[in-house]
A.B. asks: 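I have a structure I would like to understand better, so I am pasting it below and will then ask my questions one at a time.
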Amino acid sequence: MASTALYYGVSLMDPGYVLTDCEEKPHLIPMKEDQETPALTPGAVRMRRCGYCLLKPMRARHCKSCQRCVRRYDHHCPWIENCVGEKNHRVFILYLALQGLVLLWALRIAWSGFRAAVTWSEWFRTNVFLLAALVVIGVFTVVVVLLLVSHLYLISCNVTTWEFMSHHRISYLRQCDYDTNPFDRGVIRNLWSFFCTWGNVVWERVYYRDVLSTV
């Protein structure tokens, strides 16, 4: 029941859609989506412009499936038929963790159901359906565990799946080295910020503060 509730929760909740007025403050300066990041100045926080949703905050991306811009866009998940973004990423991780536990529990039950037999052919005839179920559950378990581990790793680095896969195509990351992340504040602070911080984060301030400190 908890797994079903989490599934519908993460599927139906707002992943962090950018409103039409972008909820942005007047001092944020728009820039075109494909425009290079300008000279860094502490007084101006530059923003990209989305051709569909007008202003687009940093780390947001326009999802072609949802037809909306999503804050701190991670990916569009076909399993839940929704985007994973700033507002529902935590619930998505909780859903993956619970699914992993349920699948591991199912593996244990399936394994304990095997019956002994005198010959291999007899054993196979007796346990063929259970063996097929074990294989299917095992595949799903591996997929879910790998997905959970990869997400936790990216969260600990404060990197989204989209940023990890498209580093060379993102305007605010192209000027950084591939192994440099302007949003990384250390593993502990990254995890704390992800799991214990609520509300929208102005990533432009984090980006320019950290980049300016290295200039």
Side-chain angles (χ1 to χ4, degrees), residues 15-18 22 24 28-42 44-90 92-93 96 143-191 193-195 197 200-215:
Y17 292 131
V18 178
C22 295
E24 306 301 335
L28 300 180
I29 303 174
M31 59 183 294
K32 294 181 180 179
E33 184 172 5
D34 57 351
Q35 182 178 338
E36 294 291 338
T37 304
L40 304 179
T41 56
V45 178
R46 299 276 179 173
M47 293 182 60
R48 299 168 298 154
R49 180 180 294 278
C50 174
Y52 300 94
C53 307
L54 301 180
L55 291 182
K56 179 161 64 175
M58 189 172 285
R59 308 193 81 181
R61 184 174 187 265
H62 185 87
C63 176
K64 294 181 180 179
S65 299
C66 297
Q67 294 298 314
R68 300 283 297 276
C69 281
V70 180
R71 290 180 174 273
R72 197 183 175 275
Y73 177 87
D74 191 85
H75 69 286
H76 183 88
C77 181
W79 288 9
I80 62 174
E81 298 182 356
N82 194 11
C83 283
V84 177
E86 191 168 64
K87 290 187 177 180
N88 68 344
H89 202 166
R90 301 178 191 86
F92 181 74
I93 294 298
L96 285 181
V143 171
V144 170
V145 170
L146 288 178
L147 189 60
L148 177 61
V149 170
S150 64
H151 270 277
L152 290 176
Y153 169 75
L154 293 177
I155 291 168
S156 69
C157 300
N158 206 344
V159 177
T160 64
T161 302
W162 172 56
E163 290 171 344
F164 180 77
M165 299 296 295
S166 306
H167 185 281
H168 61 288
R169 296 193 292 120
I170 300 175
S171 59
Y172 58 85
L173 293 180
R174 279 202 299 259
Q175 62 184 7
C176 302
D177 296 333
Y178 192 80
D179 57 348
T180 300
N181 176 21
F183 306 108
D184 186 10
R185 291 176 286 180
V187 174
I188 301 300
R189 292 186 64 186
N190 290 339
L191 293 174
S193 175
F194 180 84
F195 288 105
T197 301
N200 295 331
V201 178
V202 183
W203 292 107
E204 291 83 358
R205 293 177 180 172
V206 177
Y207 177 86
Y208 282 95
R209 181 192 62 200
D210 292 347
V211 173
L212 283 171
S213 65
T214 62
V215 175

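The basis for the numbers below is simple: all heavy atoms, side chains too, and nothing from hydrogens, waters or symmetry mates.
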A.B. asks: According to side chain to side chain donor-acceptor pair (under 3.5 Å), who are the partners of Ser193, at least two apart in sequence or on a separate chain?
C.D. replies: Arg185

A.B. asks: Among residues two or more places apart or on two chains, list those pairs meeting salt bridge (Lys or Arg N to Asp or Glu O under 4.0 Å) that have a residue in residues 151-162.
C.D. replies: none

A.B. asks: Sorted by first residue and then second, give each salt bridge (Lys or Arg N to Asp or Glu O under 4.0 Å) pair with at least one member in residues 145-155; sequence neighbours left out.
C.D. replies: none

A.B. asks: Tell me, please, which residues at least two apart from His167 pass side-chain contact (heavy atoms from CB on, under 4.5 Å).
C.D. replies: Leu173, Tyr178

A.B. asks: Mind checking what makes side chain to side chain donor-acceptor pair (under 3.5 Å) contact with Asp74, not counting sequence neighbours?
C.D. replies: Thr161

A.B. asks: State the NE2-CD distance between His76 and Glu81, to the nearest 0.5 angstrom.
C.D. replies: 7.5 Å

A.B. asks: On a heavy-atom basis, which atom in Val18 and which in Pro57 lie closest, and how many Å separate them?
C.D. replies: CG2-CD, 3.8 Å

A.B. asks: Counting N and O atoms only, with roles assigned by atom type, does the side chain of Asn190 sit under 3.5 Å from a partner on the main chain of Asp184, one being a donor and the other an acceptor?
C.D. replies: no

A.B. asks: Can you tell which of Cys66, Cys63, Cys69 makes a side chain to side chain contact (heavy atoms under 4.5 Å, CB included) with Tyr17?
C.D. replies: Cys66

A.B. asks: Does the Arg72 side chain pair with the main chain of Ala60, one donor and one acceptor, at a distance under 3.5 Å?
C.D. replies: no

A.B. asks: Quick one: pull up SG in Cys77 and CG in Asn88 and give me the separation to the nearest 0.5 Å.
C.D. replies: 9.5 Å

A.B. asks: When you measure from the side chain of Glu204 to the backbone of Met58, do you find a donor-acceptor pair of N or O atoms at a distance under 3.5 Å?
C.D. replies: yes

A.B. asks: What pairs of donor and acceptor atoms, side-chain ones from residues 143-159 against any protein atom, are under 3.5 angstrom apart with sequence neighbours left out?
C.D. replies:
| from | atom 1 | to | atom 2 | distance (Å) |
| --- | --- | --- | --- | --- |
| Ser150 | OG | Leu146 | O | 3.1 |
| Ser150 | OG | Leu147 | O | 2.8 |
| His151 | ND1 | His89 | NE2 | 3.4 |
| Ser156 | OG | Tyr153 | O | 2.5 |
| Asn158 | OD1 | Arg59 | NH1 | 3.1 |
| Asn158 | ND2 | Phe183 | O | 2.9 |

A.B. asks: Would you please name every residue forming a side-chain contact (heavy atoms from CB on, under 4.5 Å) with Arg90, sequence neighbours left out?
C.D. replies: Phe194, Trp198

A.B. asks: Among Trp162, Phe92, Phe164, which residue satisfies the ring-ring contact (aromatic ring centres under 6.0 Å, His included) criterion with His75?
C.D. replies: Phe92

